[in-house]
Amino acid sequence: MLSSLSAPSVRRRGAARLADATLVSGLVAAGLLAAAGVAVAGGTPQSGGGATATIGGLKTYGTAVIHDGDANEQVPAGLFEMSVDNGGTLQTYCIDLHTPTQKDARYHETPWSGTSLSGNKNAGKIRWILQNSYPQVNDLAELAAKAGAKGLTEQDAAAGTQVAIWRYSDGADVDAVDPRAEKLADYLEENARTLAEPAASLTLDPPAVSGHPGERLGPVTVHTNADSATVRPPADAMASGVKIVDKRGKAVTSATDGSRIYVEVPKEAQDGWVDLSVQASTTVPVGRAFVSETRSQTQILAGSSESTVSATATANWAVAGAIPALSAVQDCAKSAVDITAVNKGDEPFTFALMGAEHTIAAGTSQTVAIPLQEDQAYDFTVKGPGGYQKRFKGVLDCKTEGRTANLTTQTVSEPSPATGGAAAPTDTNLAETGTSSATPFIAGTAIGLVVIGGAALLLVRAKKTPKRD
């Protein structure tokens with residue numbers, strides 16, 4: 001059954017038009033914007049669409065041992081559970097061993113290109129492991145027979161699967177404590193084959209369009225594995241005359257994979273913009289990556305119930321002048337966030353970005369890469385003419401942690417997610433599937449504002465990715 005979605009409203013802009021636009025860090029600008037009472041378009045964390053969920057904790061797990069030289073450290077290893085916004089449950093494994101899990105961290109579905117899987121030649125093997133092990137294969141007798149691990153339990157299966165994944169995601173020297181789990185881990189590692197990245201559960205392409213009143217802005221193409229998705233017109237569509245239509249101008253309230261939809265703006269409409277939202281109910285494909293809105297372990301999907309997924313595109317229009325359509329995506333290959341500006345207006349669109357000015361000529365587009373350091377939080381607002389604004393925020397998390405020095409063996413107690421910034425007793429693990437030694441380092445690291453090119457940015461620390469042959 002399709003879930004209903006909150007209807008977006010049409011935003012109208014004032015008559016005054018800005019001479020140019022600026023990009024500022026939200027860490028500085030948030031208070032200024034609030035004081036000025038300026039509405040910010042797209043104020044949610046950067047996401048290409050899909051499922052958004054809150055992590056609950058480890059539900060099925062065993063114990064693993066990380067080896068680093070002469071040091072060994074025990075950590076819990078297994079399946080996390082996440083609660084999906086507006087309904088649904090996800091099961092995930094960790095793909096960032098040495099990073100702690102933040103309590104109640106929120107995650108969103110993301111392409112591999114925006115995670116540590118970018119450039120990892122073994123990423124496809126991780127998907128094979130997910131497809132060919134627990135919980136996708138829930139016949140434990142069958143799985144045990146293949147692995148030579150008679151008597152395999154759910155806890156063994158979860159631990160063995162997680163260990164095999166860590167060997168490919170982190171290049172870790174890690175073993176399962178239980179012999180049956182270890183046999184499964186070895187079987188999965190040895191037999192893994194490369195599979196392609198799964199498609200997103202729901203995305204809109206492009207995520208932003210623009211044009212003039214009297215035009216159909218778009219098309220925006222729906223990509224989804226759901227049978228159908230719900231599309232709703234703006235809340236004040238009756239008053240504004242703005243419609244969501246197909247290429248023939250017929251009103252659209254639902255869409256399927258490949259549907260092309262448009263925002264039809266009346267010729268007499270004032271300058272404005274609208275968020276076009278699409279929502280569906282589906283199972284999220286196994287192997288989709290999930291990144292946190294804060295600094296928390298990157299996860300990869302092992303199983304999904306019927307879950308609510310959504311995606312949003314922005315349409316912006318004006319009678320004259322620059323008419324930008326703004327979107328952004330994390331690019332781990334470049335260690336950057338790429339901001340793309342398409343100008344459908346009849347005047348250049350100029351904005352300042354990281355201390356440099358960029359001009360997009362009328363009728364053209366340009367992508368500007370914002371270089372960031374690993375683990376760096378970003379919160380940018382790009383301003384356009386007439387009060388139009390677009391906000392992009394997130395954390396650049398493109399690398400797995402390097403092996404941690406001075407590991408100590410710790411006893412495994414009932415795990416609970418680590419809360420960043422608070423050191424825990426040394427006899428318990430601080431992360432649910434990650435080494436506890438990472439948390440004291442993070443907790444003891446001074447977190448400050450670093451000014452780069454005139455924009456205030458949050459810098460935590462960089463990491464190294466160990467290579468696995």
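Here the structure is a predicted model, which means the values were calculated and not measured.
Checked by atom type and distance alone, the side chain of S254 never pairs as donor or acceptor with a backbone atom of A229 at under 3.5 Å. No donor-acceptor distance shorter than 3.5 angstrom exists from the side chain of R288 to the backbone of I300, with no hydrogens or angles considered. Counting only distance, with no hydrogens or angles, the side chain of N316 and the backbone of P324 share a donor-acceptor pair below 3.5 Å. Counting only distance, with no hydrogens or angles, the side chain of Q297 and the backbone of C94 share no donor-acceptor pair below 3.5 Å. The closest donor-acceptor contact from the side chain of N343 to the backbone of E347 lies under 3.5 Å. Side-chain atoms of S210 come within 3.5 Å of backbone N or O of I323 as a donor-acceptor pair. In terms of modelled atom types and a separation under 3.5 Å, the side chain of D331 and the main chain of D338 share no donor-acceptor contact. Put simply, the side chain of E142 never gets that close to the backbone of D139: no donor and acceptor are under 3.5 Å apart. Between the Y168 side chain and the E189 main chain, a donor and an acceptor come within less than 3.5 Å of each other.
By the 4.5 Å heavy-atom criterion applied to side chains, V284 and V309 are counted as neighbours. A 4.5 Å side-chain heavy-atom check between T194 and W128 finds every atom pair outside the cut-off. With contacts defined as side-chain heavy-atom distances shorter than 4.5 Å, the pair T230/V278 does not qualify. Between R180 and K150 the shortest side-chain heavy-atom distance does not fall below 4.5 Å. Inter-residue side-chain proximity for T253 and R232 is flagged as unmet; no heavy-atom pair is nearer than 4.5 Å. The closest side-chain heavy-atom distance from Y187 to K146 is below 4.5 Å. Between T314 and Y388, the closest side-chain pair of non-hydrogen atoms falls below 4.5 Å. Inter-residue side-chain proximity for V286 and Q136 is flagged as met; some heavy-atom pair is nearer than 4.5 Å.
Considering every non-hydrogen atom in both S307 and V84, the closest pair reads OG-CG2, 3.7 Å. Residues N122 and N120 approach most closely at N-OD1, 2.8 Å, considering heavy atoms. Between A158 and L79, the shortest heavy-atom distance links the atoms CB-N, 4.2 Å. Shortest non-hydrogen contact noted between A51 and F290 is O-CE2, 3.6 Å. Of all heavy-atom pairs between A144 and L152, the closest is CB-CB, 3.8 Å. Of all heavy-atom pairs spanning V342 and S365, the tightest one is CG2-CB, 3.7 Å.
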Could you walk me through whether T367 and T340 pass side chain to side chain donor-acceptor pair (under 3.5 Å), step by step?
-> CA-CA 4 Å; T367 298; T340 298; 2.8 Å; yes
Does the pair E154 and Y134 meet the rule for a side-chain contact (heavy atoms from CB on, under 4.5 Å), with working shown?
CA-CA 8 Å; E154 289 183 343; Y134 183 78; 3.4 Å; yes
- request: Quick one: do H212 and K267 satisfy side-chain contact (heavy atoms from CB on, under 4.5 Å)? Show the steps, please.
  value: CA-CA 8 Å; H212 297 90; K267 188 173 184 179; over 6 Å; no
| query | Checking side-chain contact (heavy atoms from CB on, under 4.5 Å) for the pair R391/D379: CA distance, chi angles, key distance, verdict? | reply | CA-CA 7 Å; R391 183 181 178 187; D379 195 347; 2.7 Å; yes
I370 and I339: side-chain contact (heavy atoms from CB on, under 4.5 Å), yes or no, with the steps? CA-CA 7 Å; I370 308 174; I339 293 184; 3.4 Å; yes
Start with the C-alpha gap between T99 and R295, add the side-chain angles, then the distance that decides, and say whether side chain to side chain donor-acceptor pair (under 3.5 Å) holds. CA-CA 8 Å; T99 300; R295 187 69 187 92; 3.3 Å; yes
Between D275 and T312, does the side chain to side chain donor-acceptor pair (under 3.5 Å) criterion hold? Intermediate values first, please. CA-CA 6 Å; D275 278 337; T312 301; over 6 Å; no
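Taking 4.0 Å as the cut-off between side-chain N and carboxylate O, E374 and K399 do not count as a salt-bridged pair. For D186 and R167, the salt-bridge test passes: some basic side-chain N is under 4.0 Å from an acidic carboxylate O. Salt-bridge annotation for R106 and D85: present, with a side-chain N of the basic residue lying under 4.0 Å from a carboxylate O of the acidic one. Under the 4.0 Å criterion applied to side-chain N and carboxylate O atoms, D246 and R260 are not assigned as salt-bridge partners.
Side-chain polar atoms of T298 and D397 form a donor-acceptor pair below 3.5 angstrom. Side chains of Q279 and S310: no donor on one and acceptor on the other come within 3.5 Å. Judged by distance alone, the side chains of T283 and S304 never bring a donor and an acceptor atom under 3.5 Å apart. Side-chain polar atoms of T381 and Q389 form no donor-acceptor pair below 3.5 angstrom. For S296 and Y107, the side-chain atoms include at least one donor-acceptor pair closer than 3.5 Å. One side chain, T294 or S292, offers a donor N or O that lies under 3.5 Å from an acceptor on the other. Y378 and Q330 are linked by a side-chain donor-acceptor pair at a separation below 3.5 angstrom, with hydrogens and angles left out of the test.
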Show me, pair by pair, the donor-acceptor contacts under 3.5 angstrom made by side chains of residues 197-209, not counting sequence neighbours?
unit_1	atom_1	unit_2	atom_2	d
E197	OE2	W112	N	2.8
S201	OG	E109	OE1	2.7
S201	OG	E109	OE2	3.4

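Between atom OG of residue S259 and atom NE2 of residue H223 there is a gap of 10.5 Å, rounded to the nearest 0.5 Å. Taken to the nearest 0.5 Å, the CD1 atom of I95 stands 9.5 Å off from the CD atom of Q162. Here the OG1-CG distance, from T60 to D156, works out to 11.5 Å after rounding to the nearest 0.5 Å. One distance of note links CD1 of I55 with CG of D104; it measures 9.5 Å at 0.5 Å rounding. Rounded to the nearest 0.5 Å, atoms CG (N191) and NZ (K125) are 10.5 Å apart. Atoms OH and CH2, on Y93 and W166 in that order, are 10.5 Å from each other to the nearest 0.5 Å.
Put simply, the residue from N138, T161, I165 that forms a side chain to side chain contact (heavy atoms under 4.5 Å, CB included) with S133 is T161.
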